[in-house]
Amino acid sequence: MTRVLEKSRSLQHRAEALFPGGVNSPVRAFRSVGGDAPFVEHAEGAYLFDADGNRYIDYFGSWGPMILGHAEPSVVAAIQDAATRSASYGASHAGEAELGELVRTAVPSMEHMRFVSSGTEATMSAIRVARGFTRRRYVIKFEGCYHGHADGLLVKAGSGVATFGIPGSAGVPDEVAHFTLALPYNDIRAVEEAFARHKDDIAAIILEPVVGNAGTLIPQPGYLESLRALTEAEGALLIFDEVMTGFRLALGGAQQRFGIKPDLTTMGKIVGGGLPVGVFGGREDVMSMLAPLGPVYQAGTLSGNPLAMAAGAATLSRLIREAGTIYPQIEETTRQVAEGVARVAADAGVTLTTNRMGSMWTWFFTNQPVNNFEDAATSDTAAFGRFHRTMMDQGVWLPPSQFEAAFIGTAHGKAEVDVTLEAAKKVFAKS
Ligand code: KE4
């Protein structure tokens, strides 16, 4: 099927006159998979519709938020209703506590919290409050984990394991990267070595408990428990970055699924129901360091925005109300799609490594296990690009990168599974 993309191409040309690469976030440019990125005209349920009228099954859901599908009626109604009372006040309002109480119902470790407007703000602020509370300088992150684009988190591993981080982006000074240690994921010995090397000067470990930003990486049995024990023994804080896994892997996120209580948690995406919301929180004694109570400064013009609070509250209310059916449903649909396509590929002689948990997964184009970023990097990204482009031609829109997770929501059902498996059969038959 040759898709018409004329209108998207002219919109891309118009956008390039305004935005670097024509996008407001790099991954949308399709640079790692090739092909033209369609411009979305509207979306509904499990589907995206582009400017030329092409329809696609959406398997990235705005990178996670759209777990209830696009234009979910209760979320739309909540936003429309809130908008009639002004888009923003810059003052306290009841909607903040309404969403905050729902967050704490779903994630009890969030004793105290603060809303911000993105996942980046949430992780950046959580790290600042962890440093303020512990009065320590270093932070440990893991290769392949992405926590947003704050300078101190755009850091990659230095020369040797547990040595000082080096900038992962232009514009990040060495001195800033120095205080972030980037270690291999799923390697507890590297963490032990880092604590030995920087005794009493590591403020926190931050990680995606189940990684989505290297593609999906699953923690090895005991790994998260070891990080919890190590941080407690060393007086460092454990920060679960659940921007992606929060309300996704279970109502209570990865911490519910694995039964681990972090000191701080950062969330985003689903918590805003598609509107710009991030939230960080956890132990009340730690969060009490924040202004106006304590000496750690953090602020935001649109934090607690009434429309975003309303969208998040409508989303979490339904997830809480229907958790018993929603999570088993989306997990089963994900199993059918993830395993079904892997089987189709295998029948065509193409070996994929499928990492899946809950309703997030990744097909790695490699024939070896993928337990960390180094393993993920063995994937044949050119083959993934061909797969992505030909699935787009079949009306299946996967995340445009081998190193991203795909997502399924409540609007995906048997029809979408069947179309996806048929598309994969055509794609792999050609390869
Ligand atoms: P935002 O600042 O993009 O809202 O959140 C940053 C962030 C923090 N932590 C985790 C675990 C995340 O996955 C993210 C953002 N995720 C990417 C997709 N992998 C957002 C997509 C994009 O950058 O356009």
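Remember, it's 1-based here, ligands and their atoms both numbered in the order they're listed.
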Checklist entry - For ligand 1, does Asn213 get within less than 4.0 Å through its side chain, its backbone, both, or neither, judged by non-hydrogen atoms? => result side chain

Next on the checklist: If the cut-off is 4.0 Å to any non-hydrogen atom of Met244, which atoms of ligand 1 fall inside it?
Outcome noted: 13 (O), 19 (N)

Checklist entry - Quick check: are there more than 12 heavy atoms from other residues, nucleotides or ligands sitting under 6.0 Å from NE2 of His149? => result no

Checklist entry - Can you find an N/O atom of Glu404 closer than 3.5 Å to an N/O atom of ligand 1? => result yes

Checklist outcome for this item: Ser118 heavy atoms within 4.0 Å reach ligand 1 at atoms 2 (O), 4 (O)

Item to check | Summary of ring-ring contact (aromatic ring centres under 6.0 Å, His included) pairs that have at least one residue in residues 246-288, sequence neighbours excluded | outcome: none

Checklist entry - For atom 3 (O) of ligand 1, what is the nearest protein heavy atom, given as residue, atom name and distance? => result Thr120 OG1, 4.6 Å

Checklist entry - Do Arg137 and Phe179 meet the cation-pi criteria used here (NZ or CZ under 6.0 Å from the six-membered ring centre, within 45° of the axis)? => result no

Next on the checklist: Between Phe407 and Phe60, is the ring centroid distance below 6.0 Å?
Outcome noted: no

Checklist entry - Does Glu242 come within less than 4.0 angstrom of ligand 1, counting non-hydrogen atoms of the residue? => result no

Next on the checklist: Just to be sure I read this right, does ligand 1 sit under 4.0 Å from the backbone of Lys269, its side chain, both, or neither, counting only heavy atoms?
Outcome noted: side chain

Checklist entry - Can you tell me the protein heavy atom closest to atom 5 (O) of ligand 1 and the distance? => result Gly119 CA, 3.3 Å

Item to check | Nitrogen or oxygen atoms of Arg28 and ligand 1 under 3.5 Å apart | outcome: no

Checklist entry - Counting only heavy atoms not in Glu111, do more than 12 fall under 6.0 Å of its CD? => result yes

Checklist entry - Would you call Asp187 and Arg189 a salt bridge, using N to O less than 4.0 angstrom? => result no

Checklist entry - With respect to Met267, which candidate in Val277, Asp241, Val107 satisfies the side-chain contact (heavy atoms from CB on, under 4.5 Å) definition? => result Val107

Checklist entry - Less than 4.0 Å between a side-chain N and a carboxylate O, is that true for Glu331 and Arg257? => result yes

Item to check | Heavy atoms from other residues, nucleotides or ligands near OH of Tyr89 exceed 12 (cutoff 6.0 Å) | outcome: yes

Next on the checklist: Heavy atom to atom 11 (C) of ligand 1, shortest distance: which of Trp63, Tyr146, Phe240 holds it?
Outcome noted: Tyr146

Checklist entry - Considering distance alone, does some N or O of Glu208 sit under 3.5 Å from an N or O of ligand 1? => result no

Checklist entry - Any N or O on Ser25 sitting closer than 3.5 Å to an N or O of ligand 1? => result yes

Item to check | Any protein heavy atom < 4.0 Å from atom 1 (P) of ligand 1 | outcome: yes

Next on the checklist: I need the nearest protein heavy-atom contact for atom 6 (C) of ligand 1: residue, atom name and distance, please.
Outcome noted: Gly148 CA, 3.6 Å

